[in-house]
Amino acid sequence: MANMKIKKGDTVVILTGKENGKTGEVLECFPKENKVTVKNLNMIVKHKKPRSAQDKGGIVKLEGKIEVSNVMVICPSCNKATRVSMEMTSDKKVRKCKKCGAVLDAKKVAKSSKKEDKKASKVASKVASKEKATEVKATKAKKAASTTSKKEAKSSKTQKSTVKSEA
């Protein structure tokens with residue numbers, strides 16, 4: 001069982017067999033078996049028996065598994081079938097094209113950075129909303145304090161006027 005350098009979503013070309021020379025996208029990887037399934041290639045026919053009244057039986061076409069050694073990754077930048085090398089860049093293991101040196105995981109790295117950006121923006125928006133909430137609370141407290149001070153001032157004026165009128 002070798003380390004598989006082909007991942008789900010890669011575009012591959014088939015090197016041997018009845019599908020020789022055809023290209024397709026990898027749907028599933030089976031590293032324990034060292035096999036992959038490729039979209040609309042190596043189609044097999046299964047006869048399915050209905051197991052209940054709701055199930056439909058019949059002849060079903062499925063993608064069959066292909067040995068990893070019989071497929072080769074197509075580099076998205078140079079559009080050629082290439083071998084894959086592994087390199088460490090910024091504490092991440094990255095797959096690179098042997099022919100042109102382009103990073104094959106660029107989409108996934110970009111997606112992960114987008115996810116990180118979204119998380120950062122969510123955190124920033126939460127912090128901003130908390131700050132706004134505290135500002136609103138502070139302004140409400142100031143208004144409440146000013147209204148209570150105004151009420152106290154009015155009550156003290158009325159007390160002074162009642163004291164003056166009694167005298």
Side-chain angles (χ1 to χ4, degrees), residues 1-140:
M1 178 172 66
N3 185 13
M4 288 182 55
K5 295 180 181 178
I6 296 174
K7 294 185 178 180
K8 181 180 176 180
D10 286 346
T11 305
V12 294
V13 62
I14 297 181
L15 303 175
T16 59
K18 65 181 181 182
E19 306 284 347
N20 185 16
K22 295 182 182 177
T23 61
E25 182 182 348
V26 175
L27 295 177
E28 281 185 279
C29 293
F30 304 96
K32 288 183 180 177
E33 301 172 30
N34 213 25
K35 294 185 179 190
V36 294
T37 58
V38 182
K39 187 175 185 178
N40 296 327
L41 294 176
N42 194 29
M43 298 302 284
I44 59 172
V45 177
K46 278 195 154 190
H47 297 270
K48 185 179 174 189
K49 184 176 180 180
R51 298 291 175 193
S52 67
Q54 290 80 21
D55 286 347
K56 287 187 175 180
I59 299 172
V60 181
K61 288 191 173 188
L62 300 169
E63 288 93 358
K65 296 177 184 177
I66 301 172
E67 186 72 28
V68 172
S69 63
N70 295 335
V71 298
M72 190 175 271
V73 176
I74 295 177
C75 176
S77 62
C78 64
N79 292 324
K80 294 181 182 177
T82 181
R83 290 181 292 149
V84 179
S85 67
M86 303 294 275
E87 289 186 17
M88 288 292 290
T89 57
S90 66
D91 61 287
K92 284 191 177 182
K93 214 172 193 183
V94 178
R95 299 179 305 148
K96 286 192 171 185
C97 172
K98 282 272 193 172
K99 290 189 178 179
C100 67
V103 178
L104 298 176
D105 294 328
K107 295 177 194 173
K108 294 174 185 174
V109 171
K111 284 182 183 178
S112 65
S113 65
K114 286 180 183 178
K115 286 181 182 178
E116 291 170 3
D117 292 341
K118 285 182 181 179
K119 285 181 183 178
S121 65
K122 283 183 181 179
V123 170
S125 65
K126 284 182 182 180
V127 169
S129 64
K130 285 182 182 180
E131 289 175 356
K132 287 180 182 178
T134 54
E135 288 176 12
V136 169
K137 286 180 183 178
T139 55
K140 285 183 179 180

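We're numbering straight along the sequence, starting at 1. Atom set for the values below is all heavy atoms of this structure, side chains included, hydrogens, waters and symmetry mates excluded.
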Quiz item: By salt bridge (Lys or Arg N to Asp or Glu O under 4.0 Å), which residues pair with Lys35, not counting sequence neighbours?
Solution: none
Quiz item: Does a side-chain heavy-atom distance below 4.5 Å link Cys78 with Cys97?
Solution: yes
Quiz item: Is it true that a side-chain atom of Asp105 and a backbone atom of Arg95 form a donor plus acceptor pair closer than 3.5 Å?
Solution: yes
Exercise. Inspect the surroundings of NZ in Lys48 and state if more than 12 heavy atoms from other residues, nucleotides or ligands are less than 6.0 Å away.
Key: no
Which side-chain N or O atoms in residues 19-26 pair as donor and acceptor under 3.5 Å with protein atoms at least two apart or in another chain?
unit_1 : atom_1 : unit_2 : atom_2 : d
Glu19  : OE1    : Lys22  : NZ     : 3.1
Glu19  : OE2    : Asn42  : N      : 3.4

Quiz item: Are the side chains of Lys96 and Ser85 in touch, meaning some heavy atoms are under 4.5 Å apart?
Solution: yes
Practice problem: Take Ile66 and Ile14 through the side-chain contact (heavy atoms from CB on, under 4.5 Å) test and state the conclusion after the steps. | Solution: CA-CA 9 Å; Ile66 301 172; Ile14 297 181; 3.4 Å; yes
Self-check item: Glu67: side-chain hydrogen bond (donor to acceptor under 3.5 Å, both in side chains) partners, not counting sequence neighbours
Solution: none
Exercise. Carefully, step by step, assess Cys29 and Met4 under the rule side-chain contact (heavy atoms from CB on, under 4.5 Å).
Key: CA-CA 9 Å; Cys29 293; Met4 288 182 55; 3.9 Å; yes
Quiz item: Does NZ belonging to Lys18 count more than 12 external heavy atoms closer than 6.0 Å?
Solution: yes
Quiz item: Within a strict 4.5 Å, meaning less than it, do heavy atoms of the Leu41 and Glu63 side chains meet?
Solution: no
Quiz prompt | Side chain proximity check, Phe30 to Val68, heavy atoms < 4.5 angstrom | solution = no
Quiz item: How close do Ser77 and Cys100 get, heavy atom to heavy atom, and via which atoms?
Solution: OG-SG, 3.3 Å
Self-check item: Distance (rounded to the nearest 0.5 Å) between Lys98 NZ and Thr82 OG1
Solution: 8.5 Å
Quiz prompt | Minimal non-hydrogen separation, Ser69 against Leu15, with atom names | solution = O-CD1, 4.1 Å
Quiz item: Looking at OG1 of Thr37 and CD1 of Ile44, how far apart are the two atoms once the value is rounded to the nearest 0.5 Å?
Solution: 10.0 Å
Practice problem: Let me see the working for Lys8 and Glu28 under side-chain contact (heavy atoms from CB on, under 4.5 Å), right down to the final yes or no. | Solution: CA-CA 6 Å; Lys8 181 180 176 180; Glu28 281 185 279; 6.0 Å; no
Practice problem: Please report the C-alpha distance between Lys93 and Glu87 in whole Å, then the side-chain angles of each, then the deciding distance to 0.1 Å, and finally whether the side-chain contact (heavy atoms from CB on, under 4.5 Å) criterion is met. | Solution: CA-CA 6 Å; Lys93 214 172 193 183; Glu87 289 186 17; over 6 Å; no
Quiz item: Once you round to the nearest 0.5 Å, how far does NZ of Lys61 lie from CG of Asn40?
Solution: 10.5 Å
